[in-house]
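Note sheet for the following structure.
By convention in this document, chain letters (A, B, ...) are assigned in the order of the sequence lines, proteins followed by strands, and residues within each chain are numbered from 1.
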Amino acid sequence: MIKEPEFRDYNPGEFEEKVERFWKENDTYEKVKESRSNGPKYYFLDGPPYVSGAIHLGTAWNKIIKDMVIRFRTMQGYNVRRQPGFDMHGLPIEVKVEQALGLKVKKDIETEIGVDNFIRKCKEFALNNLKVMTEQFKMLGVWMDWDKPYMTIKNEYIESGWFTLKRAWEKGLLEKDKRVLHWCPRCETALAEHEVRGEYKIRKDPSIYVKFPVEGKENEYLLIWTTTPWTLPANLAVTVHPEYDYAKVKVETDKGEEYWIIAKALVERVLSEVGLKGEIVETFKGEELEGLRYVHVLMDEYPTQKEFREKYEWAHRVILGEHVTLGDGTGLVHTAPGHGEEDYEVGRGYGLPIYSPVDDEGRYTEGFWKGTYVKDADPQIIEYLTEKGYLVKAGTIEHKYPHCWRCKTPLIFRATDQWFLKVSKVKDTIIKENDEKVTWYPDWVKVRYDNGVMNSGDWVISRQRYWGIPLPIWQAEDGEIYVVGSFKELVEKSVAIVLDGERIELPEDYNEKLKVIEEKLGPEDLHRPYVDAFIIRVNGKEMRRVKDVVDVWFDSGIASWASLDYPRTEENFRKLWPADFIVEGEDQVTKWFYSQQAASVIAFDTVPYRKVAMHGYVLDEKGDKMSKSLGNIIRPEEVVQKEGRDPFRFYMLWATNPWENLRFSWKGLAQVKRMLNILWNVYVLSATYMSLDDFDPTKLNPQELPFREEDRWILSRANSLIGDVTEGVETFRLTKATRAIYNFVVEDLSRWYVRLIRKRMWVEGDDPDKLAAYYTVWKVFDVLLRLMAPFTPYIAEEIYQNLLRPFIGVESVHMLDWPKADEKAIDEELEREMEAVRRIVEAGSSARQRAKIKLRYPVRRIIIETEDETVKKAVERLNRLLKDQLNAKEVVVGRVERELIIKPNFAKVGPEFKGDAKKVIAWISEHGKELYEAGEMDVELEGKTFHLTREHLTIEEKLPDFFVAEDFEGGRVFVDKTLTRELLAEGLAREFVRRIQEMRKRLDLDVNDRIVVTIETTDENRELLGENLDYIMKETRATEVVFGEAKGYVVEWPEVQAKIGIERV
RNA sequence: GGGCCCGUGGCUCAGCCUGGUCAGAGCGCCCGCCUGAUAAGCGGGAGGUCCGGGGUUCGAAGCCCCGCGGGCCCA
């Protein structure tokens, strides 16, 4: 049976807790999963958030979207895989742990506390953060398998990574190569592009112009500019743009006449910069300079350069490159292939060596400045070049320069040996597979994605760190490598382990080997330093592991199969892979969406997911990013605490289209909460009456119920809503779904339907009309709660438990099926007519308001003028509603006769007839009506003929005084405001009823309590009230209404000139 | 420099894919109403060149092109 609602006010904080308890006690989550276990598979793959320790609004949005989709698909009958994931390796955690342990430099990890301890701490840290974040996600009502998330640090997961890398190696897609990358000399590791992004800080650096003597020419130089003097020892070429114009400039220096080669467009600027005068003596295209040899300015100091000069055809020559710009500098770019990305690219094209005489800590490994930290060498080099006469000008520049995000050290570009996945070789497959198999939401993201893929280069996956998937590459002395694909293989191939520098030979037999390993190294743990201990033998050569770990982006890239523990176990992979749906923020388009496809094409030659959706960022109300420095951070916990989980969730799915940025606004949230409040009120109202009447829909036969038009209408609307919501979610146009729900609740259900049926609910006893209304409301909730369950799981559950469960029997709203629209119930004509009725009622109310006739006073008659068939039908079919809502005795379609007032249009007549205007005006004043009826006519006045038309008239309509009119779309409403004595009496009765009710409420009387009413008022009121005493008694549950001294609880009501007293009987 | 998205009343946004019932909602402001959902609810009013300019079309906020402004990604 339906019970009186437990909470009368919508207070999410309270009942959401209660619902949480309910789910927990009944193990509802597991039951929901169980109930769909035989459904078609739906592999949702969670993009693993980094275990930073706290979620923010963006993470919350992300999970709310995911949860909604998961719940939606579950209700549709799918057996949804809903395992959450966490990204747990990587430098950020290493840094936190280093700080916690008070370590200062990378070496400390090995020398101070040892890699094993360090790794243990990292693991602890990551697991702890995972726990904290899990609680936060749970708090949002996100239903995932929190007790068995996938973790990138598990052995199975790491092994999955090894498997993938082995595949890459077998296909020739894993290579070692020298590459120029950002390098932090303190952390001693390469940094990926994404780690550097946003870490550009203003910094003062040298800005110098250096002249390189052209070989074989007296006093002729190439002029270059650089902000990194320390890279000059590694200079191997000067790059010019083949298309640009270059000039030979005659310059007067203090040492005499010199010729400098500078880009023509920059001559003036450069000369003024160095403070010299000069003139152009010759110009030529950049390409004509190609091959021009110059003398390296530090060749004596760096003897290796001498060797290069002999060994390499293109060393110390002008080469061509498209990357040269005319922004800064001279248009001739100092090129050090070991210290610049573009330098590297262009240098490789010319077969130049990748020379980088700098070690991991940023110190020169050879030459004049051997052992000096490169940034410290800058001033020394400047001074040195000045002495040698090559320095033209030395200044400083403030520019943005990348810094290490953890230690703030300026990064250097440095060529190092790194391991690459040769994604460039499989790009075409990625694009083709993506094209054929993946649906993007919204679709234009695909364009963005494709562009990203086109532009991407090979993937640097090695990192010179500790906390990550160890690179499973073993290398022999001679450089031969072998990639291990699993723990089992590692054990099989292993011949010895090294522990504390001591070599322990392993037995041949696999099981015995395993025993020894376990004894010496402990249980399997594929992290460092465990795996570093293994010596394997392949092709008769002993190999040791390459010390690097893998880029964390690789970790998440393999998630679609690694989270299924593939290949260690195959069953899930075979059943589930590829993923059906993923959704992440827009920053992931070129990250996770990409890393997954790249890794998957490498491993399986195809893409790992079928549908992918993108959402935006969460910003503050003004559109600024939330950040500590702006102090505008809003935490999800705060939102939940203040406004509740359901309002938060619905708001995040309602505020804006998911692919756009969401400006978080408390006001918007309040608006959503209000909608839920309205829904709640509708529920409270319905449940209150239904419980009083012991309403039981299962005992009714809907065929026999006398449904009214409004009942059929709201059911029609509810069924239409199903289509809108379903389509909205399926096409990821989430606002379509949420706005449809919002409008239905506020406009259709509350503002209109409940308003229409209220009185039917008040009837006592088994009134069929009332039961029809109850039944309708009940059916509406049956649909609505299902539709809302994925968005607002708590309120849906709370209402469901009381209103529906007693009759449906299913334990939770989340176990119900997603509703299917009943096409037969949809009556579009009725919906249109109801729209018309609503418009008429609005217009009528507006007219009344202008006429200052309160709704409490009935009006005699309302006339609708219309040509619209729908409106006509509506007035006929839904007449009862109109009369009721407009409080009119009669509502009819008809025509109101009105007087036309026809006057001359002075503005038209004057200019046209000038001097004759007066005559015409006089005529029109008298015969205007004839002209109006004729439309146009020729009139002869004093011998002149005038052609007159309706344009020469102004026409005003004059309504009879007792009408007040208002337009609506489709017609016009006329309210007859004639107030008869009868109408007045009725209105007054209502005035009194209302006040007596107010008094009942103040006394907190029960609905069933009887009262005696005493009224002191004017004779006139007394007489008028006398005509409706029965009505007053019935409405106020009075046994008696007595005129005379007010008794009992007495209130004076000056607006109606009365004192009213009531007493409970 | 390239790609993508966004630009609608004071504010936050729907609508745009599928051109013709909208120029809309909420908030804020002003004025009212209702009172058996009630520390709720409802109505009315004021307020917009739908960024600007072209084009396609009988018709464009919506489609196409150019420009301006903002955001993101990439270089």
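Under the Watson-Crick or G-U wobble criterion, with both distances below 3.5 Å, C63(B) is paired with G55(B). Pair assignment for G19(B): none, as no Watson-Crick or G-U wobble contacts are both less than 3.5 Å. When Watson-Crick and G-U wobble pairs are counted only if both distances are under 3.5 Å, A46(B) pairs with no nucleotide at all. Pairing of G24(B), defined by two Watson-Crick or G-U wobble distances under 3.5 Å, is identified with C13(B). Checking A37(B) for Watson-Crick or G-U wobble geometry (two distances, each under 3.5 Å) identifies no partner in any strand. Searching all strands for a Watson-Crick or G-U wobble partner of G69(B) with both distances below 3.5 Å returns C6(B).
As judged by a 4.0 angstrom heavy-atom cut-off over every strand, S750(A) is placed among the base-contacting residues. R1000(A) comes within 4.0 angstrom of nothing in the nucleic acid, heavy atoms only. Nucleic acid contact for E998(A): none, since no nucleic acid atom lies under 4.0 Å from a heavy atom of the residue. The residue Y617(A) sits close only to the backbone: its heavy atoms come under 4.0 Å of sugar-phosphate atoms, none of a base. Across all strands, V754(A) comes closer than 4.0 Å to base atoms (heavy-atom distances).
Residue R674(A) has no polar side-chain atom (N or O) positioned under 4.0 Å from OP1 or OP2 of A40(B). Phosphate contact (OP1/OP2 of G44(B), side-chain N/O of S845(A), threshold under 4.0 Å): absent. Contact annotation: R856(A) reaches the phosphate of C34(B) (side-chain N/O to OP1 or OP2, under 4.0 Å).
For F695(A) and Y689(A), the gap between ring centers reaches or exceeds 6.0 Å. In this structure, the ring of W778(A) has its center no less than 6.0 angstrom from the ring center of F781(A).
With respect to the salt-bridge test (charged N to carboxylate O, under 4.0 angstrom), the residues K591(A) and E584(A) do not qualify. Using a 4.0 Å cut-off between a side-chain N of Lys or Arg and a carboxylate O of Asp or Glu, E998(A) and R995(A) do not qualify as a salt bridge. R717(A) and D724(A) are not joined by a salt bridge, as no carboxylate oxygen comes within less than 4.0 angstrom of a charged side-chain nitrogen.
Counted by atom type alone, Y449(A) and N434(A) present zero donor-acceptor pairs between their side chains at under 3.5 Å.
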Q. How does each nucleotide of nucleotides 9-17 of chain B score, in 5' to 3' order, for protein heavy atoms under 4.0 Å: base (B), sugar-phosphate only (S), or none (-)?
A. ---SSSSSB

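Rounded to whole Å, the separation between the C1' atoms of C31(B) and G67(B) comes to 45 Å. For the P atom pair drawn from U49(B) and C33(B), the interatomic distance equals 33 Å after rounding to whole Å. C66(B) and G3(B) are spaced 10 Å apart, taking the P atom of each and rounding to whole Å. The same atom, P, is picked in U38(B) and in C6(B); the two are 43 Å apart, to the nearest Å. Nucleotides C30(B) and C16(B) place their C1' atoms 33 Å apart, quoted to the nearest Å.
Rounded to whole angstrom, the span from the CG atom of D9(A) across to the P atom of U38(B) amounts to 7 Å.
Aromatic ring orientation, Y441(A) versus F732(A): tilted (interplanar angle from 30° to 60°).
Relative to the side chain of N677(A), the nucleotides A40(B), C42(B), C72(B) differ in distance, and A40(B) lies closest.
Place V445(A) and E342(A) on RNA chain B by their nearest nucleotides, and V445(A) ends up nearer the 5' end.
Listed by chain and number, the residues in a salt bridge (Lys or Arg N to Asp or Glu O under 4.0 Å) with R760(A) are E710(A), D711(A), D769(A) (sequence neighbours excluded).
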